[in-house]
Amino acid sequence: MTRRPGFPARLDPAGAPAGRRPAAAAAPARAAPAGVGLDSQAVRARMVQKLAAQGVGDARVLAAMNAVERHRFVDSALVNQAYEDTSLPIGLGQTISKPNVVARMIELLLGARGASGGRLGRVLEIGTGCGYQAAVLSHVAAEVYSIERLRGLHERARENLRAFRLANVHLLFGDGMAGFAKGAPYAGIIAAAGGEAVPAQWTDQLAEGGRIVAPMVMPNGQQALVIVDKTAGRLTQAILEGVHFVPLKSGIA
Ligand code: SAH
């Protein structure tokens with residue numbers, strides 16, 4: 001397991017002459033968890049302000065983005081970029097989405113007819129990756145089922161999430177193209193990987209009044225965000241802005 005440093009990562013080399021270090025560095029070490037929490041909280045609050053300025057208006061989403069320590073999900077070398085509006089590599093060729101995209105997609109999920117007001121019911125996430133989005137979802141949904149096809153990332157997400165003790169997050173290893181029938185029906189299904197179409201299993205497993213938010217490859221080869229709503233058993237689809245997600249792949253590895 002790679003060690004995760006505190007936030008922000010220390011940039012001064014450990015071997016720097018003691019006399020040239022700032023006085024604070026020579027003081028007895030502060031209790032690490034409190035220091036980490038305080039430092040990252042301010043940076044996260046700025047990220048959330050930026051999200052609001054960019055148009056994320058749902059208070060539930062902003063609160064969830066403020067609550068989850070994104071820096072705990074990225075590699076130690078990238079900790080200082082954790083709150084920038086950028087996607088970051090999480091290993092095995094996959095990426096954690098930009099905070100803006102995570103917030104936007106969850107806001108869309110919460111905009112479903114069946115979700116007005118409080119928390120969403122059960123949610124299925126396709127593509128656990130490092131587990132960050134699952135942690136954010138855990139603040140806005142009653143139960144989160146998150147499925148990942150790469151064993152290495154599934155295990156990494158388990159490690160990343162352990163310290164958060166999120167009792168309502170259920171990590172699954174498998175091919176999310178088939179959804180996860182045992183947890184159905186879902187109030188929301190959110191995909192972090194883009195395929196050619198929304199699999200029929202997802203729409204089958206969607207609850208009445210529920211919504212799917214997923215990237216999908218358009219006929220021109222570019223991906224766009226798609227929402228699918230189920231109302232009185234009927235499906236309606238809307239195509240939104242262009243996005244860049246890793247491909248949705250079948251099978252496990
Ligand atoms: N939500 C993630 C983003 C991960 S990137 C996070 O917060 O980190 C998308 C993930 O989707 C990758 O890990 C990729 O392996 C996974 N993926 C792609 N196709 C999949 C499928 N059919 N089933 C499950 N996971 C899939």
Side-chain angles (χ1 to χ4, degrees), residues 4 6-9 36-75 78-90 94-112 115-120 123-142 144 146 157 160-161 164 166 168-169 187-194 211-216 223-227 238-246:
R4 302 290 147 93
F7 184 88
V36 166
L38 289 177
D39 289 341
S40 78
Q41 183 54 53
V43 188
R44 210 156 42 251
R46 273 202 296 284
M47 174 190 82
V48 169
Q49 277 168 7
K50 235 186 268 174
L51 292 173
Q54 287 166 338
V56 179
D58 193 310
R60 294 167 292 179
V61 178
L62 294 172
M65 296 296 291
N66 191 48
V68 180
E69 298 174 317
R70 194 169 187 260
H71 69 273
R72 295 193 187 275
F73 293 85
V74 301
D75 204 68
L78 301 170
V79 160
N80 286 329
Q81 292 176 64
Y83 297 101
E84 288 171 20
D85 203 18
T86 178
S87 54
L88 294 169
I90 53 172
Q94 308 302 317
T95 53
I96 178 176
S97 312
K98 289 180 184 198
N100 181 276
V101 171
V102 172
R104 163 85 173 137
M105 288 178 77
I106 296 177
E107 187 168 53
L108 286 169
L109 204 66
L110 285 164
S116 53
R119 268 182 182 238
L120 272 178
V123 166
L124 175 66
E125 178 190 38
I126 318 294
T128 312
C130 66
Y132 171 71
Q133 183 169 269
V136 178
L137 286 166
S138 79
H139 290 261
V140 302
V144 180
S146 181
N160 286 344
L161 288 169
F164 289 86
L166 302 169
N168 65 339
V169 175
I189 300 179
I190 184 166
R211 173 174 279 185
I212 297 172
V213 180
M216 201 168 99
Q223 281 180 353
L225 218 47
V226 168
I227 55 182
I239 296 168
L240 308 174
E241 70 267 23
V243 284
H244 298 282
F245 278 85
V246 295

(message) Once side-chain contact (heavy atoms from CB on, under 4.5 Å) is applied, do any residues pair with Val246, and if so which ones, sequence neighbours excluded?
(response) Gln94, Thr95, Ala193
(request) Show the numbers, then the answer: is there a salt bridge (Lys or Arg N to Asp or Glu O under 4.0 Å) between Glu84 and Lys98? (result) CA-CA 8 Å; Glu84 288 171 20; Lys98 289 180 184 198; over 6 Å; no
(request) With sequence neighbours left out, write down each residue that passes side-chain contact (heavy atoms from CB on, under 4.5 Å) with Ala103, or none if nothing qualifies. (result) Leu51, Val56, Val61, Met65
(request) Starting at OG1 of Thr86, measure out to CG of Asn100 and round the result to the nearest 0.5 Å. (result) 11.5 Å
(request) Heavy atoms only: give me the nearest Val243-Leu225 pair and the separation to one decimal. (result) CG2-N, 3.7 Å
(request) For Ala135, check side-chain contact (heavy atoms from CB on, under 4.5 Å) against everything at least two apart and list the hits. (result) Val68, Phe73, Leu161, Leu166
(message) Quick check for you: to the nearest 0.5 Å, what is the distance between Gln81 atom CD and Asp75 atom CG?
(response) 11.0 Å
(message) If the condition is side chain to side chain donor-acceptor pair (under 3.5 Å), which residues does Asn168 pass it with, not counting sequence neighbours?
(response) none
(request) State the OG-CZ distance between Ser40 and Arg72, to the nearest 0.5 angstrom. (result) 7.0 Å
(request) Find the distance between CD1 (Ile227) and CD1 (Ile212) and round it off to the nearest 0.5 Å. (result) 11.0 Å
(request) Tell me yes or no: between the side chains of Arg44 and Gln41, is some donor less than 3.5 Å from an acceptor? (result) yes
(message) Whether Glu107 and Arg60 form a salt bridge (side-chain N of Lys/Arg under 4.0 Å from carboxylate O of Asp/Glu) is what I want to check.
(response) no
(request) Could I get the full list of side-chain contact (heavy atoms from CB on, under 4.5 Å) partners for Val226, not counting sequence neighbours? (result) Met216, Met218, Val228, Gln237, Ile239
(request) Using the salt bridge (Lys or Arg N to Asp or Glu O under 4.0 Å) rule, collect all pairs that involve residues 125-138, keeping only residues at least two apart or in two chains. (result) none
(message) Going by salt bridge (charged side-chain N to carboxylate O under 4.0 Å, His left out), name the residues that satisfy it together with Arg211, two or more places apart in sequence or in a different chain.
(response) Asp229
